[in-house]
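Shown next, in structure tokens, is the structure this report addresses.
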Amino acid sequence: MSEPRWVPWARRFVLGFLTLFTLVPLYAMVSSSLKPLGDVQGKWEWFPTTLTIQPFFDIWDTIPLAEYFVNSLVISGSAAILSVVIAIFAAYALSRFRFRGKNFFKLTVLSTQMFPGILFLLPLFLIFVNIGNTTGIVLYGSRLGLIITYLTFSLPFAIWMLAGYIDSIPKELDEAAMVDGTGPLGALIRVVIPAAMPGIVAVGIYSFMTAWGEVLFASVMTDSGTRTLAVGLQEYSTQVQVYWNQVMAASLIVSVPVVAGFLLLQRYLVAGLTAGAVK
């Protein structure tokens with residue numbers, strides 16, 4: 001049956017509305033970042049009368065943005081790498097081996113995604129402080145503490161997703177590798193990981209993006225030396241002034257790593273999400 005004549009027009013209308021809904025705020029951000037502060041604080045104009053790139057230079061001097069950038073890269077990158085490495089071994093065990101408590105473990109891992117993150121804020125804070133007082137290992141206010149915090153959120157999803165992806169890889173490949181003389185670990189490294197690369201990339205992107213834009217835990221678990229970009233952007237607002245043009249310019253700079261990574265790896269992300277969702 002052919003679709004009614006109004007369906008293509010309705011499709012175009014919805015897609016056009018969603019496109020405007022996405023592009024208008026982005027245009028406002030870009031145009032505001034190219035305006036002097038006085039023009040941003042005045043009456044809104046869709047077409048700036050004065051254009052300047054000075055805000056893109058001032059953002060590095062108003063606050064220590066470069067330091068926050070490094071903190072975010074280290075914390076987000078470490079959380080993503082650790083999530084991927086741990087999730088690979090855990091997902092492989094769930095997919096290929098039978099052991100007591102397997103279903104309970106899978107249910108527990110998935111059920112952690114039902115709770116809002118704010119429920120874990122106070123317990124993690126108390127745990128980190130007590131560990132520091134007892135052992136001398138500084139977790140509160142450190143990069144390591146924030147990395148561990150982000151692992152608690154990204155790792156359950158990473159295990160669940162990779163387990164579904166590895167289930168879609170035929171076990172005969174593992175058996176063929178073992179016939180050639182390798183063990184389960186060798187089969188994982190030589191066969192499963194290359195075949196599961198789209199899912200691994202998707203998990204890495206998800207873990208990185210989750211840590212990169214997180215605000216709640218970063219605002220509590222960090223200090224002036226370990227502050228991340230998501231929290232540091234608030235410093236453009238002082239008691240006497242809000243540097244809106246610099247906020248917009250810094251927001252564009254902050255978005256570059258995530259957008260660039262997504263554009264470069266989107267085909268792996270789509271393949272990993274679709275294959276991991278359906279066995």
Exercise for review: Please name the pair of heavy atoms, one in Leu65 and one in Ala250, separated by the smallest distance, quoted to 0.1 Å.
Suggested key: CD2-CB, 4.4 Å
Check your understanding: Tell me, do Leu34 and Pro55 make a side-chain contact under 4.5 Å, heavy atoms counted?
Key -> no
Check your understanding: How far does OG1 of Thr228 sit from CE of Met221, to the nearest 0.5 angstrom?
Key -> 13.0 Å
Review point. Does the side chain of Val138 come within less than 4.5 Å of Phe128's, by heavy atoms?
Key: no
Exercise for review: May I ask whether Leu185 and Ile200 are part of the same hydrophobic cluster, defined by side-chain heavy atoms of I, L, V, M, F, W, Y residues being less than 4.5 angstrom apart, directly or through others?
Suggested key: yes
Check your understanding: Hey, does Phe208 have a side-chain heavy atom less than 4.5 Å from the side chain of Val84?
Key -> no
Check your understanding: Does Ser72 reach the main-chain N or O of Leu229 with its side chain, forming a donor-acceptor pair under 3.5 Å?
Key -> yes
Practice item. Compute the ring centroids of Phe105 and Phe99, then answer whether they are less than 6.0 Å apart. Key: no
Check your understanding: For atom CD1 of Ile118, is the number of surrounding heavy atoms from other residues, nucleotides or ligands below 6.0 Å larger than 12?
Key -> no
Review point. Can you check whether Gly145's main-chain N or O pairs, donor with acceptor, with Thr149's side chain at less than 3.5 Å?
Key: yes
Practice item. Examine distances only and state if a side-chain atom of Glu214 and a backbone atom of Leu216 form a donor-acceptor pair shorter than 3.5 Å. Key: yes
Check your understanding: Relative to each other, are the rings of Phe13 and Phe17 parallel, tilted or perpendicular (30° and 60° limits)?
Key -> parallel
Review point. Within the side chain of Ser33, is there an N or O that forms a donor-acceptor pair under 3.5 Å with the backbone of Val30?
Key: yes
Review point. So do the side chains of Arg96 and Pro184 get within less than 4.5 Å of each other, counting heavy atoms only?
Key: no
Point to revise | Test side-chain hydrogen bond (donor to acceptor under 3.5 Å, both in side chains) applied to Ser154 and Thr210, step by step | key: CA-CA 7 Å; Ser154 60; Thr210 300; over 6 Å; no
Exercise for review: Give the minimum heavy-atom separation between Tyr150 and Ala211, together with the two atoms involved.
Suggested key: CD1-CB, 3.4 Å
Review point. Going only through I, L, V, M, F, W and Y residues with side-chain contacts under 4.5 Å, is there a path from Val70 to Leu144?
Key: no
Review point. Sub-3.5 Å donor-acceptor pair from the side chain of Lys102 to the main-chain atoms of Leu94, do we have one?
Key: yes
Exercise for review: Kindly check if the number of other-residue, nucleotide or ligand heavy atoms within 6.0 Å of CD1 (Ile53) is above 12?
Suggested key: no
Practice item. Verify the distance criterion only: is there a donor paired with an acceptor across the side chains of Arg227 and Asn71 at less than 3.5 Å? Key: no
Review point. Any donor and acceptor pair, going by atom type alone, linking the side chain of Thr62 with main-chain N or O of Asp58 inside 3.5 Å?
Key: yes
Review point. Under the side-chain hydrogen bond (donor to acceptor under 3.5 Å, both in side chains) criterion, do Gln246 and Gln54 qualify, and how do the steps go?
Key: CA-CA 9 Å; Gln246 295 187 36; Gln54 189 60 38; over 6 Å; no
Point to revise | Test item: Gln234 and Ile63 side chains (from C-beta on) under 4.5 Å apart, heavy atoms | key: no
Check your understanding: Looking only at atom types and distance, does a side-chain atom of Asn130 sit under 3.5 Å from a main-chain N or O of Leu126, one as donor and one as acceptor?
Key -> yes
**Study point:** Other residues, nucleotides, ligands: >12 heavy atoms within 6.0 Å of Arg98 CZ
**Key:** no
Review point. Hey, is the main chain of Gly136 close enough, under 3.5 Å, to the side chain of Asn133 for a donor-acceptor pair?
Key: no
**Study point:** Phe104, CZ atom: more than 12 neighbouring heavy atoms under 6.0 Å
**Key:** no
Review point. Donor-acceptor pair, Trp212 side chain versus Ile75 backbone, under 3.5 Å?
Key: no
Practice item. Test Phe125 against every option in Phe217, Phe120, Tyr140 by the ring pair (Phe, Tyr, Trp, His ring centres under 6.0 Å) rule and name the one that passes. Key: Tyr140
Check your understanding: So do the side chains of Ile147 and Ser78 get within less than 4.5 Å of each other, counting heavy atoms only?
Key -> yes
Review point. Taking side chain as C-beta onward, heavy atoms only, is Val242 less than 4.5 Å from Thr238?
Key: no
Check your understanding: Going by heavy atoms in the side chains, are Phe69 and Ile253 under 4.5 Å from each other?
Key -> yes
Point to revise | Tyr68 side chain vs Thr226 backbone, donor-acceptor pair below 3.5 Å | key: no
Exercise for review: Looking only at non-hydrogen atoms, find the nearest pair between Asn245 and Val40 and report the distance.
Suggested key: CB-CG2, 3.9 Å
